[in-house]
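Convention: sequence-line order gives letters A, B, ...; per-chain numbering from 1. FYI, side chains are in, hydrogens and waters are out, and symmetry mates aren't considered; it's all heavy atoms of this structure.
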There are 2 protein chains.
Amino acid sequence: MEWNKENPEQCKVVVALDAVVGKWKPLILLHLLSKGTLRYNEIKRLIPDVTQRVLTLHLRQLEEQGIVKRVVYRQVPPKVEYSLTEHGQTLKPVLEAMHAWGLSHLEHLENFKNTQSE
Amino acid sequence: MEWNKENPEQCKVVVALDAVVGKWKPLILLHLLSKGTLRYNEIKRLIPDVTQRVLTLHLRQLEEQGIVKRVVYRQVPPKVEYSLTEHGQTLKPVLEAMHAWGLSHLEHLENFKNTQSE
DNA sequence: CAGTATCCCCTCAGATACTG
DNA sequence: CAGTATCTGAGGGGATACTG
């Protein structure tokens, strides 16, 4: 926790960022958090603007990081289910903290922009 | 706080990410958090690998967001001091949460990679 | 259904040189 | 000291078409 007292260089904020950054990753994580388990096309439908290519890329990266679990049911037509691993669940409070700050930041930006133009 | 129950679309995680993402932004913020006020070249010395161009860009963006305050002393040679705004300070708990998760994530990656190769 | 395979573009960051 | 100005390259993401 005490990263900032002496040597900020060894802080691991970037590690967290690396896991969460990606145009659609936050949305993917939030949907998995609220729904539990989702099939590939369900995610695609929940996030219409993501392309298949990028959605797959994001999911693969989250899987590599041990954040998302991918279960393939060998059948025709194929069925693939995505869910958060236990470790992935631990992101929830972090995402909530970021969301809360994001909200307050938006408010601050309001009167900040105003005082700028005055 | 309740972004995930029904509509993750309106979650503001991305707002927070937008403010914090940038190759050297976390380090800049951490240094400012621990030192309080720093001159341009002091930051540059604390983060040797950042180029002047990118450091300036990052600082300008943080300033635009109302996170960093920039004070110019009109004198020769010039003196410019950077510090966090009050609002910028509110990022501290968020960064700490990310750092803490980053640490635990690194541990998890250890035995995750191991179980992968088994 | 759940993806690959290509191709393209554009932003972010680095390198280097210059300046009020 | 605290920056600009230019040029450059890498890669993250989009569009479209195809497939086991």
Side-chain angles (χ1 to χ4, degrees), chain A residues 9 13-32 35-65 67-84, chain B residues 9 13-32 35-65 67-84:
Chain A
E9 305 73 29
V13 169
V14 288
V15 175
L17 280 178
D18 191 52
V20 156
V21 166
K23 184 152 179 192
W24 307 97
K25 277 185 196 170
L27 261 180
I28 293 171
L29 294 173
L30 297 178
H31 280 298
L32 289 175
K35 308 276 186 176
T37 298
L38 289 169
R39 299 180 60 169
Y40 182 87
N41 272 354
E42 290 180 312
I43 304 177
K44 179 76 184 79
R45 247 173 275 124
L46 288 168
I47 313 176
D49 287 349
V50 71
T51 62
Q52 287 187 316
R53 188 187 106 88
V54 171
L55 178 54
T56 305
L57 268 173
H58 282 1
L59 288 169
R60 291 290 187 283
Q61 288 163 13
L62 291 169
E63 195 190 353
E64 266 178 60
Q65 303 257 15
I67 293 169
V68 158
K69 184 172 46 181
R70 177 170 177 265
V71 180
V72 182
Y73 296 86
R74 215 107 186 53
Q75 61 183 47
V76 183
K79 173 178 167 183
V80 181
E81 285 186 342
Y82 292 92
S83 58
L84 292 177
Chain B
E9 306 73 28
V13 169
V14 286
V15 175
L17 280 178
D18 191 52
V20 157
V21 166
K23 184 153 179 194
W24 308 97
K25 277 185 196 170
L27 260 180
I28 294 172
L29 294 173
L30 297 177
H31 281 298
L32 289 175
K35 309 276 186 175
T37 298
L38 289 169
R39 298 180 60 169
Y40 182 87
N41 272 353
E42 290 180 312
I43 304 177
K44 178 77 184 79
R45 246 172 276 122
L46 288 168
I47 313 177
D49 288 348
V50 71
T51 63
Q52 286 185 317
R53 187 187 106 88
V54 171
L55 177 55
T56 305
L57 268 173
H58 281 2
L59 288 169
R60 291 290 188 281
Q61 289 163 12
L62 291 169
E63 196 190 352
E64 266 177 60
Q65 303 255 16
I67 292 168
V68 158
K69 184 170 47 182
R70 176 171 178 264
V71 180
V72 182
Y73 295 86
R74 211 96 193 60
Q75 63 185 46
V76 183
K79 174 177 167 183
V80 181
E81 286 186 342
Y82 292 92
S83 59
L84 292 178

* Report the residues that fulfil side chain to side chain donor-acceptor pair (under 3.5 Å) with A:Gln52, sequence neighbours left out, ordered by chain and then residue number. =>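 With sequence neighbours excluded, A:Gln52 shows a side chain to side chain donor-acceptor pair (under 3.5 Å) to no residue whatsoever.
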
* To do: Using the test side chain to side chain donor-acceptor pair (under 3.5 Å), find all partners of B:Lys69 that sit at least two apart in sequence or belong to another chain.
  =>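 Side chain to side chain donor-acceptor pair (under 3.5 Å) list for B:Lys69, sorted by chain: empty.
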
Could you check how far [atom1] of [X] sits from [atom2] of [N], rounded to whole Å?
X       : N      : atom1 : atom2 : value
B:Leu59 : D:dC1  : CG    : C1'   : 14 Å
A:Ile43 : C:dG3  : CD1   : C1'   : 13 Å
B:Leu17 : C:dC12 : CG    : C1'   : 16 Å
B:Glu42 : D:dA2  : CD    : P     : 8 Å
A:Gln75 : C:dG3  : CD    : C1'   : 15 Å
B:Leu55 : D:dC1  : CG    : P     : 14 Å
B:Ile28 : C:dA13 : CD1   : P     : 10 Å
B:Lys79 : D:dG3  : NZ    : C1'   : 17 Å

Considering residues at least two apart in sequence or located in another chain, which fulfil the side-chain contact (heavy atoms from CB on, under 4.5 Å) criterion with [X]?
X       : result
A:Val14 : B:Pro26
B:Arg70 : B:Arg60, B:Glu63, B:Val72, B:Val80, B:Tyr82
A:Ala16 : B:Met98, B:Trp101

* Asked: CD1 of A:Ile43 to NE2 of A:His58: how many Å apart, nearest 0.5 Å?
  ->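 Interatomic distance, A:Ile43 CD1 to A:His58 NE2, rounded to 0.5 Å: 11.5 Å.
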
* **Inter-residue atom distance A:Ile28.CD1 - A:Leu84.CG, 0.5 Å rounding** =>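 Reported to 0.5 Å precision, the distance equals 10.5 Å.
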
* With pairs defined as Watson-Crick or G-U wobble and both distances under 3.5 angstrom, please note down DNA chain C as a dot-bracket string, | for pairing with another strand. => ||||||||||||||||||||

* Using a 4.0 Å heavy-atom cut-off, write out nucleotides 4-20 of chain D from 5' to 3' as B (base contacted by protein), S (sugar-phosphate only) or - (no contact). => B-B------BBB-B--B

* Using the side-chain hydrogen bond (donor to acceptor under 3.5 Å, both in side chains) rule, collect all pairs that involve residues 37-49 of chain B, keeping only residues at least two apart or in two chains. =>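 Checked against side-chain hydrogen bond (donor to acceptor under 3.5 Å, both in side chains) - neighbours excluded - the pairs reaching residues 37-49 of chain B are B:Tyr40-B:Thr56.
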
* Respond yes when some side-chain nitrogen or oxygen of B:Tyr82 is under 4.0 Å from OP1 or OP2 of D:dG3, and no when none is. =>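 Answer yes for this pair, as a side-chain N or O of B:Tyr82 is under 4.0 Å from OP1 or OP2.
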
* Asked: Is there a side-chain polar atom (N or O) of A:Arg39 under 4.0 Å from OP1 or OP2 of C:dA2?
  ->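 Result: yes.
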
* Can you list the residues that meet the salt bridge (charged side-chain N to carboxylate O under 4.0 Å, His left out) rule with B:Lys23, with sequence neighbours excluded? ->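 B:Lys23 satisfies salt bridge (charged side-chain N to carboxylate O under 4.0 Å, His left out) with no other residue.
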
* Asked: What does B:Tyr73 touch in the nucleic acid at a heavy-atom separation under 4.0 angstrom: a base, only the sugar-phosphate, or nothing?
  ->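 B:Tyr73: no heavy atom of the nucleic acid under 4.0 Å.
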
* Contact class for B:Lys44 vs. all strands (heavy atom < 4.0 Å): base, sugar-phosphate, or nothing? ->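 No contact.
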
